[in-house]
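Being a predicted model, the structure only gives us computed values, none of them experimental. In the text below, chain A, chain B and the rest are named by the order of the sequence lines, each starting its count at 1. Excluded from the calculations below are hydrogen atoms, water molecules and symmetry mates; all remaining heavy atoms, backbone and side chain alike, are included.
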2 protein chains.
Amino acid sequence: MITRERQNRIVRALRSDGAASVRQLAADLAVSESTIRRDLEVLDRNGELTRTYGGAVVHRPGTTVEEHGLGVAEGRFADDVDVDLKRRVAAAAAARIADGQVVVLDIGTTTPLVARELRGRDVTVVTTNLAVLHELENDESVRLILLGGVLRRNYRSLVGSMAVQGLAEVSADVVMLSCTGVRPNGHVVDNMAVEAPIKRAMIAASQQIVLLATERKFPGTGALRLCSVADVDAVVTTEGAPAATLDIARQAGGEVVVA
Amino acid sequence: MITRERQNRIVRALRSDGAASVRQLAADLAVSESTIRRDLEVLDRNGELTRTYGGAVVHRPGTTVEEHGLGVAEGRFADDVDVDLKRRVAAAAAARIADGQVVVLDIGTTTPLVARELRGRDVTVVTTNLAVLHELENDESVRLILLGGVLRRNYRSLVGSMAVQGLAEVSADVVMLSCTGVRPNGHVVDNMAVEAPIKRAMIAASQQIVLLATERKFPGTGALRLCSVADVDAVVTTEGAPAATLDIARQAGGEVVVA
DNA sequence: GACGATACGAGCAAACTCGTGCAAAGCCAA
DNA sequence: TTGGCTTTGCACGAGTTTGCTCGTATCGTC
């Protein structure tokens with residue numbers, strides 16, 4: 001059997017029961033326990049479940065690699081490559097943040113990975129992203145400001161005018177912006193109507209804009225224009241991103257970081 | 001059996017009964033008492049329950065870091081009597097809420113109990129209380145609005161001007177107000193400077209005020225005046241509350257509910 | 001305050017689970 | 001087919017969990 005399909009079956013089995021043992025899974029899928037252990041290790045690293053001694057449990061809904069954020073938006077399960085790309089982008093982005101700075105972390109699945117990198121750092125994080133809250137809730141060193149809003153459970157975020165209003169009170173050093181697509185003409189776009197105004201307010205509240213976009217976001221999808229890559233101070237991306245689009249940013253004086 | 005799953009079963013068993021003995025749990029889960037003791041120790045340390053001699057009781061809901069909130073204010077450990085009083089107050093308060101209403105839930109340890117009672121109900125909840133968020137995060141039927149603010153980890157709440165600003169956008173049917181004390185002269189007081197303005201804004205945003213105060217809050221402590229019991233539409237309390245203070249509310253046309 | 005009963009935690013041996021290294025099997029392209 | 005690569009199952013040393021025993025601490029009762 002193909003690895004990916006087996007892993008999907010494991011996730012489904014866990015979803016239905018909430019937990020499963022290595023032995024049980026090995027019996028159900030007719031493979032050895034070693035194989036199950038290897039699969040569980042991968043799935044754990046991708047945040048799709050939480051490994052326990054002797055088995056695994058479903059990850060607390062939507063904490064890291066939300067099947068919603070990724071599954072809904074892109075029509076498939078997060079796969080190793082994508083999560084890995086995001087993790088590299090997140091690490092590179094976090095490295096740009098200096099101690100004492102105020103950072104706005106956007107909605108999305110990449111920003112919680114940035115948040116994780118910021119653990120233990122002396123920074124202030126502003127967000128509407130509950131996954132970010134979850135990452136930093138117990139970290140005393142990070143000052144965390146949660147913008148208000150209506151809870152959108154599927155995306156683990158807060159939206160609405162309250163978030164925009166709250167941003168009016170914020171002055172940040174940098175915003176880590178995520179999006180659903182970057183067009184060949186340099187337009188940074190999103191496909192969520194409720195998020196777009198918040199993203200625009202985040203941009204307005206921040207001195208510097210850092211765009212987080214793995215190669216998969218070129219060109220991506222989405223009709224709502226947030227800004228242009230020419231407006232951003234830095235694009236953090238991966239090797240596969242098209243040079244032509246990145247050049248638009250470079251020519252406008254923006255930095256391009258390939259993680 | 002998987003450790004984690006067993007611990008979840010223990011917590012569930014406790015939630016349904018409120019308390020359980022080591023012997024009973026060992027029999028139910030078909031493991032030795034030693035194992036149960038070890039599990040209880042872990043769960044106690046995580047704040048998910050409170051160990052007692054011979055068994056355990058549910059920790060005051062809101063879990064984990066919650067003991068700071070009350071531990072700091074009222075002494076080290078969860079107090080069975082107090083939790084029980086709060087639970088009764090919370091149930092009586094929740095019973096007052098009609099379907100479709102908008103409810104503001106204050107900071108504190110009683111309001112998460114109200115939130116739990118509201119699970120599955122068709123209501124809108126407005127709060128700065130992360131313990132309330134935690135209770136309702138996965139309940140699709142409740143519409144949840146989180147006010148913004150700076151995370152105050154010890155008290156699992158959001159404070160600051162952003163919360164007050166956010167409340168300006170809110171029009172609620174009722175606020176479930178908590179406090180640290182109700183003076184014999186009827187003054188409802190609190191001892192947290194950062195919370196008082198938010199509580200006042202909550203009152204302003206709501207048509208009706210319901211004060212949640214177990215008998216322990218009479219007279220309680222605190223120097224910051226929030227309002228008078230004469231201003232509230234209902235006081236939900238317990239048997240031991242002084243009649244004289246409650247009469248102030250009654251004479252002003254307020255309802256008094258003894259849970 | 002003393003006593004018997006019960007509960008507690010530490011220590012220990014046995015059972016179980018883990019991850020890794022390795023060889024065989026499976027797959028793909030040339 | 002061959003050759004290179006990935007995946008799988010097994011063996012094994014290391015680490016974790018479990019149930020038992022035993023000395024100590026706590027509870028309820030006298």
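Counting to the nearest Å, the P atom of D:dT6 and the CD atom of A:Q7 are 16 Å from each other. Taking atom CZ on B:R51 and atom C1' on C:dA7, their separation rounds to 8 Å, with Å as the unit. Atom pair B:I36:CD1 and C:dA7:C1' shows a separation of 14 Å (rounding to whole Å applied). Atom P of nucleotide C:dC27 and atom CD of A:E5 are separated by 14 Å, given to the nearest angstrom. In this structure, A:L25 places its CG atom 11 Å from P of C:dC18, rounding to the nearest Å. In this structure, the CD atom of B:E41 is 8 Å from the C1' atom of C:dG9, given to the nearest Å. The interatomic distance linking B:D39 (CG) with C:dA7 (C1') rounds to 17 Å, in whole Å. Rounded to whole Å, the distance from CG on A:L40 to C1' on C:dT17 is 12 Å.
Taking 3.5 Å as the limit, the base of D:dG15 and the side chain of A:Y53 contain a donor-acceptor pair of atoms between them. On a pure distance criterion of 3.5 Å, a polar donor-acceptor pair joins the side chain of B:S34 and the base of D:dC20. Put simply, the side chain of B:R37 and the base of D:dG19 share no donor and acceptor less than 3.5 Å apart.
Between A:I248 and A:N185, the closest side-chain pair of non-hydrogen atoms is not below 4.5 Å.
Panel note: side chain A:D106, backbone A:M176; no donor-acceptor pair is recorded below 3.5 Å. For the pair A:R121 (side chain) and A:I97 (backbone), a donor-acceptor distance under 3.5 Å is present.
For A:T180 and A:K217, the side-chain atoms include no donor-acceptor pair closer than 3.5 Å.
For A:R143, the CZ atom counts as loosely surrounded, since its 6.0 Å shell holds 12 or fewer non-hydrogen atoms of other residues, nucleotides or ligands.
Taking every side-chain heavy atom of B:V22 into account, C:dC8 is the closest of C:dC8, C:dG19, D:dT8.
Axis angle between the ends of the helix from C:dG1-D:dC30 to C:dA30-D:dT1, five pairs each and rounded to 10 degrees, works out to 50°.
Comparing A:R38 and A:R23 against DNA chain C, the residue whose closest nucleotide sits nearer the 5' end is A:R23.
For D:dG9, the OP1/OP2 oxygens have a side-chain nitrogen or oxygen of A:T35 closer than 4.0 Å.
Partners of B:T128 by side-chain hydrogen bond (donor to acceptor under 3.5 Å, both in side chains), not counting sequence neighbours: none found. By the side-chain hydrogen bond (donor to acceptor under 3.5 Å, both in side chains) test, A:T111 pairs with A:N129, sequence neighbours left out.
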